[in-house]
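Input: a single structure, listed below in structure tokens.
Note that these values count all heavy atoms, side chains included, but never hydrogens, waters or copies made by symmetry.
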Amino acid sequence: QVQLVESGGGLVQSGGSLRLSCAASGRTFSTYVMGWFRQAPGKEREFVAGINRSGSSTYYADSVKGRSTISRDNAKNMVYLQMNSLKLGDTAVYYCAASRFAGPTDSENDYGYWGQGAQVTVSS
């Protein structure tokens, strides 16, 4: 089992950058595929980015591709989401999630562990 805690959210101006961090508990962090999801007010939660167990493979939603980078540090039990050129539409609660699936997955149903969420608000 793994517990996840996000940090780094906040208020940022349009065009700015932000880095979200997710700290994971437990000694088996490197066995989980990790992902970031987000949920905007009145909308369903959606996939943002994912990374495989070793960190060698990453994948992104089209809405953030080219503007965001997911990374992980297995020695520190951390996963990050660097977001650049932020837009008003990026405003949402961002969730870190862990999956026991062997390969990359963008389906939230495949993630069994979730953090509490971090609010990101982009202002004009």
Side-chain angles (χ1 to χ4, degrees):
Q1 188 168 350
V2 62
Q3 293 182 324
L4 306 171
V5 179
E6 301 95 337
S7 61
L11 177 65
V12 61
Q13 285 192 325
S14 179
S17 298
L18 197 69
R19 188 176 85 153
L20 296 175
S21 299
C22 175
S25 66
R27 296 175 290 178
T28 60
F29 174 70
S30 62
T31 66
Y32 291 90
V33 167
M34 299 299 297
W36 286 96
F37 289 76
R38 68 185 182 187
Q39 187 167 21
K43 295 187 177 181
E44 294 186 352
R45 189 157 56 186
E46 63 176 4
F47 171 79
V48 176
I51 189 166
N52 68 347
R53 295 168 177 172
S54 67
S56 62
S57 177
T58 59
Y59 42 108
Y60 301 90
D62 288 343
S63 58
V64 304
K65 194 174 296 182
R67 302 188 294 120
S68 298
T69 302
I70 186 172
S71 60
R72 67 190 297 165
D73 185 336
N74 286 342
K76 295 182 179 179
N77 282 16
M78 297 289 296
V79 63
Y80 307 98
L81 181 67
Q82 175 70 41
M83 297 186 292
N84 302 319
S85 302
L86 283 162
K87 306 175 181 179
L88 296 177
D90 293 318
T91 295
V93 176
Y94 283 73
Y95 297 91
C96 173
S99 172
R100 279 294 199 182
F101 271 58
T105 174
D106 60 3
S107 171
E108 68 172 285
N109 292 329
D110 296 335
Y111 289 81
Y113 305 96
W114 294 83
Q116 83 287 353
Q119 177 70 49
V120 172
T121 302
V122 182
S123 65
S124 58

Side-chain donor or acceptor of Glu6 paired with backbone N/O of Cys96 under 3.5 Å: yes
Which residues share a salt bridge (Lys or Arg N to Asp or Glu O under 4.0 Å) with Arg38, sequence neighbours left out: Glu46, Asp90
Linked, directly or transitively: Met78 and Met34 (ILVMFWY side chains, under 4.5 Å): no
Cluster check Val48, Val122: I/L/V/M/F/W/Y, side chain < 4.5 angstrom: yes
Side chains of Arg67 and Tyr60 in contact at under 4.5 Å (non-hydrogen atoms): no
Any side-chain heavy-atom pair of Gln82 and Ser71 under 4.5 Å: no
Salt bridge (Lys or Arg N to Asp or Glu O under 4.0 Å) partners of Lys65, counting only residues at least two apart: Asp62
Thr28 and Val2, any side-chain heavy atoms less than 4.5 Å apart: no
Within one Ile-Leu-Val-Met-Phe-Trp-Tyr cluster: Phe47 and Trp114, side-chain cutoff 4.5 Å: yes
is_close_aromatic(Tyr111, Tyr95), centroid dist under 6.0 Å: no
Residue Gln3 excluded, over 12 heavy atoms near CD under 6.0 Å: no
Sub-4.5 Å side-chain heavy-atom contact between Gln119 and Leu11: no
Ser124 to Ser14 - nearest heavy-atom pair and separation: CA-CB, 4.4 Å
Connected via hydrophobic side-chain network under 4.5 Å: Leu86 and Tyr80: no
Main-chain N/O of Phe29 paired with Asn74 side-chain donor or acceptor, under 3.5 Å: no
Interatomic spacing from OH in Tyr94 to SG in Cys22 - rounded to 0.5 Å: 15.0 Å
Exercise: identify the closest heavy-atom pair between Ser17 and Ser85: OG-N, 4.4 Å
Check: Asn52 main-chain N/O paired with Arg72 side-chain donor or acceptor under 3.5 Å: yes
Arg100 NZ/CZ over Tyr32 ring centroid, <6.0 Å and within 45° of normal: yes
Under 3.5 Å: donor-acceptor pair, side chain of Thr121, backbone of Thr91: no
Closest non-hydrogen atom pair, Thr105 against Ser99: CG2-OG, 3.9 Å
Contact summary for Ala49 and Leu81, nearest pair of heavy atoms: CB-CD1, 4.0 Å
Transitive ILVMFWY side-chain link Leu88 to Leu20, under 4.5 Å: yes
Check: Trp36 and Met83 side chains under 4.5 Å, non-hydrogen atoms: no
